[in-house]
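The figures that follow rest on heavy atoms only: side chains count, while hydrogens, waters and symmetry mates do not.
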Number of protein chains: 2
Amino acid sequence: MTTTRERIIKASSALFMERGYSASGLKQISAASEAPIGSLYHFFPGGKEELAAETLRESGAAYQSLVEAIFDSAPDVVTGVRDCFEGAAATLRATDYADACPIATVALEVASSDDALRAVTAATFASWLDSCSARLERGGMEPSRARTLATVLIAALEGGFLLSRAAKDTTAMDEIGAVMVELTEAAVREAAVRARQR
Amino acid sequence: MTTTRERIIKASSALFMERGYSASGLKQISAASEAPIGSLYHFFPGGKEELAAETLRESGAAYQSLVEAIFDSAPDVVTGVRDCFEGAAATLRATDYADACPIATVALEVASSDDALRAVTAATFASWLDSCSARLERGGMEPSRARTLATVLIAALEGGFLLSRAAKDTTAMDEIGAVMVELTEAAVREAAVRARQR
DNA sequence: GTCTATAGCTTGATAGAC
DNA sequence: GTCTATCAAGCTATAGAC
């Protein structure tokens with residue numbers, strides 16, 4: 001059973017992903033979630049900004065869980081990276097390029113104009129970075145190397161979403177994913193050499 | 001001497017970069033450019049969408065020229081890549097994280113909701129890709145390899161803008177730039193080996 | 001070409017019945 | 001908690017004087 005609150009978050013997440021923060025009106029969110037405006041203000045007394053903050057937090061965490069599930073069901077980190085990029089490309093194609101990063105559009109919109117929401121996006125990206133970094137370390141990489149590679153992987157995924165959505169074509173995401181797989185392979189090899197020397 | 005039209009484009013470019021398309025009202029653009037609303041509709045009879053299309057085209061081309069100038073004044077492609085990422089990070093810090101990619105925010109906003117503007121962003125990214133790819137080929141890379149690396153470099157730069165603006169910290173851009181330099185070095189080495197074998 | 005006034009609509013937010 | 005009616009303010013766009 002889905003609560004009214006859940007429907008509101010889900011609807012605003014979908015709209016934020018598709019058109020961003022400013023273009024998503026509360027009336028549209030109300031209509032899409034089949035919840036009256038009053039309920040919206042009941043659950044989020046702080047209005048649009050509070051709703052957005054909560055949506056960013058929850059959809060960011062949900063996306064992290066999704067990617068972790070894909071990554072963790074792979075036999076090794078290289079396969080995990082490949083599966084994540086291939087999954088992102090497949091999802092783009094399957095949803096007519098609507099289903100991408102749940103927070104990137106809003107993050108760019110608010111970065112210079114709404115510091116409270118900017119901080120929420122920063123915290124979400126930091127959490128993704130920790131999660132990705134920890135998984136690369138499990139693959140044998142040194143912590144600082146894992147962190148740098150994780151930063152590159154997330155940036156590349158975001159850049160891939162941007163280029164592929166603009167082009168309505170996943171060629172960019174496909175090529176970026178292939179290079180990220182190579183990069184991860186090289187880091188794993190390097191880690192193995194280090195381990196042998198120890 | 002700057003024309004009214006130029007001032008309008010410049011003002012809307014700055015606002016689009018900072019807050020995106022939907023949050024930038026024509027009144028704000030009018031005020032920032034010190035041009036009355038009437039002039040706005042005189043130069044762009046198609047209204048906000050036409051102004052946005054022209055702004056994306058011109059600011060996208062200007063940014064391409066800027067990056068080309070940095071890249072072309074470097075002694076080799078590896079240094080060129082390094083200079084571009086370091087320049088992007090320095091500009092972010094110098095402008096309090098406002099001056100980043102002139103089209104990315106709008107590109108994400110309109111990707112699923114305004115096909116005319118989406119096509120303009122796609123064409124701009126395609127032009128950047130051609131420009132970057134041609135320069136990597138000059139460094140000796142095979143065309144298909146150059147194209148893939150160019151795609152990764154642009155995506156990484158965009159991802160770096162996103163993460164660094166959200167964090168108000170260029171650590172992400174710095175680390176991403178360093179990895180892109182390594183990646184370019186490897187591609188140059190590979191190209192040199194290929195050339196020797198020929 | 002420049003500028004002002006305003007129409008017509010949509011927005012975020014609130015009040016109050018139920 | 002749910003829902004509707006409504007407000008003030010903002011928006012894009014247009015008309016028309018100069």
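For B/Phe44 and D/dT14, the CZ to P distance is 16 Å, given to the nearest whole Å. For A/His42 and C/dG16, the NE2 to P distance is 19 Å, given to the nearest whole Å. When rounded to the nearest whole Å, the span between CG of A/Leu40 and P of D/dT4 equals 14 Å. For the pair A/Leu51 CG and C/dT11 P, the interatomic distance rounds to 15 Å; values are reported in whole Å. The interatomic distance linking B/Phe43 (CZ) with D/dA13 (P) rounds to 18 Å, in whole Å. Between A/Tyr41 atom OH and D/dG1 atom C1' there is a gap of 17 Å when expressed in whole angstrom units.
The pair B/Glu58-B/Arg5 meets the salt-bridge criterion, with a side-chain N (NZ, NE, NH1 or NH2) lying under 4.0 Å from an Asp/Glu carboxylate O. In summary, A/Arg145 and A/Glu137 do not engage in a salt bridge, as defined by a charged side-chain N under 4.0 Å from a carboxylate O.
Taking every side-chain heavy atom of A/Ile37 into account, C/dT14 is the closest of C/dT2, D/dT2, C/dT14.
Residues of residues 2-36 of chain B that place a heavy atom closer than 4.0 Å to DNA chain C, in numerical order, are B/Thr4, B/Pro36.
Among all heavy-atom pairs drawn from A/Ala53 and A/Val120, the shortest one is O-CG1, 3.8 Å. Heavy atoms only, all atoms of each residue included: B/Ile37 and B/Leu26 are closest at CD1-O, 4.0 Å.
Contact check, B/Ser39 against C/dT2: a side-chain N or O comes under 4.0 Å of OP1 or OP2.
Proximity of a side-chain donor or acceptor of B/Thr55 to a complementary backbone N or O of B/Leu51 within less than 3.5 Å is detected.
Test A/Val78, A/Leu149, A/Val81 against A/Leu183 for side-chain contact (heavy atoms from CB on, under 4.5 Å) and you get one pass: A/Leu149.
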